[in-house]
Amino acid sequence: MNLANTAFVLIASILVLFMTPGLAFFYGGLVSEKNVVNTMLSVFIMTGVAILLWVFVGYSLSFSGNVLGVVGNLRHAFMTGVNLASLTASHIPVGVYSLFQMMFAIITPALFVGAVVGRIRFKFLLLFLLAWSVCIYYPMVHLVWSPAGWLAKLGVLDFAGGTVVHINAGVTALVLSAWLGPRLAKDHPGQHYNLPWVLLGTAILWVGWYGFNAGSALAVNGVAVQAAITSTVATATAMVVWMFLDIWTNGKPTLVGVCTGTLCGLVAITPAAGYVTVMGSVAIGTLATLASYGFIALLKPKLGVDDALDAFGCHGVSGIVGSILTGVFASKAVNPAVTQNGLIYGGGWHLLGIQLLATGLTIVLVAAMGSGLILLLRRLTPMRVDAAEEAMGLDQGEHGEQVDYTVGLSERLTDYRPDQELYAPEFKGQLQHLQK
């Protein structure tokens, strides 16, 4: 066991786990006050369910055996027969690597929750999580990150989850939104429950992302350093670009916009973090933010798909751009795992073609399988809450809770009348005196 590498990946695993409550704060701050509890619980429950599912079948389907290069087998279900102390290529225990991958299995389904807040039944969401993990997520892990996977053998580059995590979750968000239908009464765009929560969640996600990206080097080495630097630079670039786009289009910068841009930068650099130069990360952060902003501002209104918190606009679009641009900016000088340079470094179109194929295949596979799972599950249980519950809010309807006592108080204060109005005759003399 390499102690430095093992400690590094353990810390990275903790950081990735920390991202899930961070995402809960990010999404919880963006929604209206009547859906805060439901949104945060829908994100956080992924932690418990995904951990158990990973232990039961996830690890085995992802990394045990090989069926047609698409998925593993169930030989190691319930982690049976897995020697957790055996070492990987970077001399970390298999148990530590499994723990690291487990954290990815938690955060990925949590990402698509933002698309369907305020109208999806909690029971349906849980059933979908189970089916989606088994039928979509674990096969994607095997395809891209298992040495026996078809896309891995093809030579696709996905350092920390462009296809497996972000395109996967983003397309799933779009498919869920399309099948679920739009909200009956959309909240005002500025009606966010708690903007400080949005900033807090963004900050936690950024910190956790170092575990996500740098940790994917699986060792304390130059590639981990490069991934940490490119992740930082791409994120800062995206944040600033989104702020200037807000100023250019709306006349003023917004906190929600800056936080959204930050997230787009983190997403876009994920597949490329350990393969590109610093200037490559600037280009990726810029282009992905322009694409996500353009989609959200221009294309999304025309599609008519109600992705409530722009899960596809951020994760899907920026993930697609980042995955494709990895084929443009990847460099052998950064990482020897890059066997052929990207387009801009004279490697020709080969790597870019592979990245385009992998990106397109991920989109088609996830959209088709996601739609099939939704159609099947809708036969078993209703997908959407009824109109009365949606109007009341899912905090009360699904959980019988509210975010805090001030929610009810704020509603009562709208009917508040001062004593001078309630008892006008008694105050008549004093009021006349004050008017003089």
Side-chain angles (χ1 to χ4, degrees), residues 9-31 35-51 54 99-117 125 129 160-162 164-166 168-170 172-173 192-216 227-228 231-232 234-236 238-239 242 254-270 273 285 292 308-316 318-319 403:
V9 177
L10 278 172
I11 293 170
S13 301
I14 295 169
L15 287 172
V16 178
L17 177 63
F18 192 41
M19 292 169 68
T20 302
L23 185 69
F25 275 103
F26 180 77
Y27 281 165
L30 285 173
V31 299
N35 291 312
V36 176
V37 172
N38 174 260
T39 300
M40 299 186 80
L41 177 58
S42 296
V43 170
F44 193 56
I45 195 62
M46 302 291 180
T47 311
V49 177
I51 287 173
W54 178 260
L99 182 71
F100 183 63
Q101 285 288 344
M102 178 194 292
M103 301 310 164
F104 282 67
I106 296 168
I107 187 66
T108 306
L111 297 174
F112 59 67
V113 169
V116 294
V117 294
L125 185 64
L129 164 62
V164 178
V165 177
H166 295 294
N168 189 356
T172 300
H192 306 300
Y193 173 68
N194 194 316
L195 289 182
W197 280 13
V198 177
L199 178 57
L200 174 64
T202 304
I204 293 173
L205 285 167
W206 192 341
V207 170
W209 226 285
Y210 288 104
F212 205 86
N213 284 0
S216 291
S231 297
T232 305
T235 304
M239 172 196 287
W242 196 290
T254 64
L255 178 61
V256 171
V258 164
C259 290
T260 303
T262 301
L263 198 60
C264 288
L266 290 165
V267 169
I269 196 61
T270 294
S292 283
L309 303 183
D310 292 312
F312 177 76
C314 292
H315 296 278
S318 286
V403 64

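Closest of all the heavy-atom pairs between Ala308 and Val117 is CB-CG2, 3.7 Å. Contact record, Leu111 with Ala311: O-CB, 3.8 Å, taken as the closest heavy-atom pair. Residues Ser292 and Gly313 approach most closely at OG-O, 2.7 Å, considering heavy atoms. Closest approach of Gly261 to Ala238, counting heavy atoms only: O-CB, 3.1 Å.
Rounding to the nearest 0.5 Å gives a distance of 12.0 Å between CE of Met239 and SG of Cys264. Separation of atoms CD1 (Ile51) and CE (Met103) is listed at 5.5 Å; rounding is to 0.5 Å. Atom CG of Leu266 and atom OG1 of Thr235 lie 3.5 Å apart (nearest 0.5 Å). Atom CG of residue Leu30 and atom CG of residue Asn194 lie 10.0 Å apart, to the nearest 0.5 angstrom. Atom CG of Leu255 and atom NE2 of His192 lie 9.0 Å apart (nearest 0.5 Å).
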Going through the checks in order, is the side chain to side chain contact (heavy atoms under 4.5 Å, CB included) test met by Thr39 and Phe26? CA-CA 10 Å; Thr39 300; Phe26 180 77; over 6 Å; no

Decide yes or no on side chain to side chain contact (heavy atoms under 4.5 Å, CB included) for Trp209 and Thr232, but give the supporting numbers first. CA-CA 9 Å; Trp209 226 285; Thr232 305; over 6 Å; no

Hey, mind stepping through Thr260 and Cys314 against side chain to side chain contact (heavy atoms under 4.5 Å, CB included) and telling me if it holds? CA-CA 7 Å; Thr260 303; Cys314 292; 3.4 Å; yes

Show the atom names and distances, to 0.1 Å, of all donor-acceptor pairs under 3.5 Å that link a side chain in residues 40-48 to residues at least two apart or in another chain.
residue, atom, partner, partner atom, Å
Ser42, OG, Asn38, O, 2.7
Thr47, OG1, Phe44, O, 2.9

Side-chain donor-acceptor pairs under 3.5 Å in residues 200-207, sequence neighbours left out?
residue, atom, partner, partner atom, Å
Thr202, OG1, Val198, O, 2.7
Trp206, NE1, Tyr210, OH, 3.3

Would you give me the side-chain donor-acceptor pairs under 3.5 Å for residues 12-24, sequence neighbours excluded?
residue, atom, partner, partner atom, Å
Ser13, OG, Val9, O, 2.8

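Remark: the backbone N or O of Gly319 is not paired with any side-chain donor or acceptor of His166 at under 3.5 angstrom. Looking at Asn35, its side chain never comes within 3.5 Å of a backbone N or O of Val31 through a donor-acceptor pair.
Considering only residues two or more places apart in sequence or on other chains, Phe312 meets the ring-ring contact (aromatic ring centres under 6.0 Å, His included) condition with Phe295. The side-chain contact (heavy atoms from CB on, under 4.5 Å) test applied to Ala160 returns Phe212, Asn213, Ser216, Thr270, not counting sequence neighbours.
Here side chain to side chain donor-acceptor pair (under 3.5 Å) pairs that include residues 99-117, with residues two or more places apart or in two chains, are Tyr97-Gln101.
Contact of the Trp242 side chain with the Thr262 side chain is not registered, since no non-hydrogen atoms from C-beta on lie closer than 4.5 Å.
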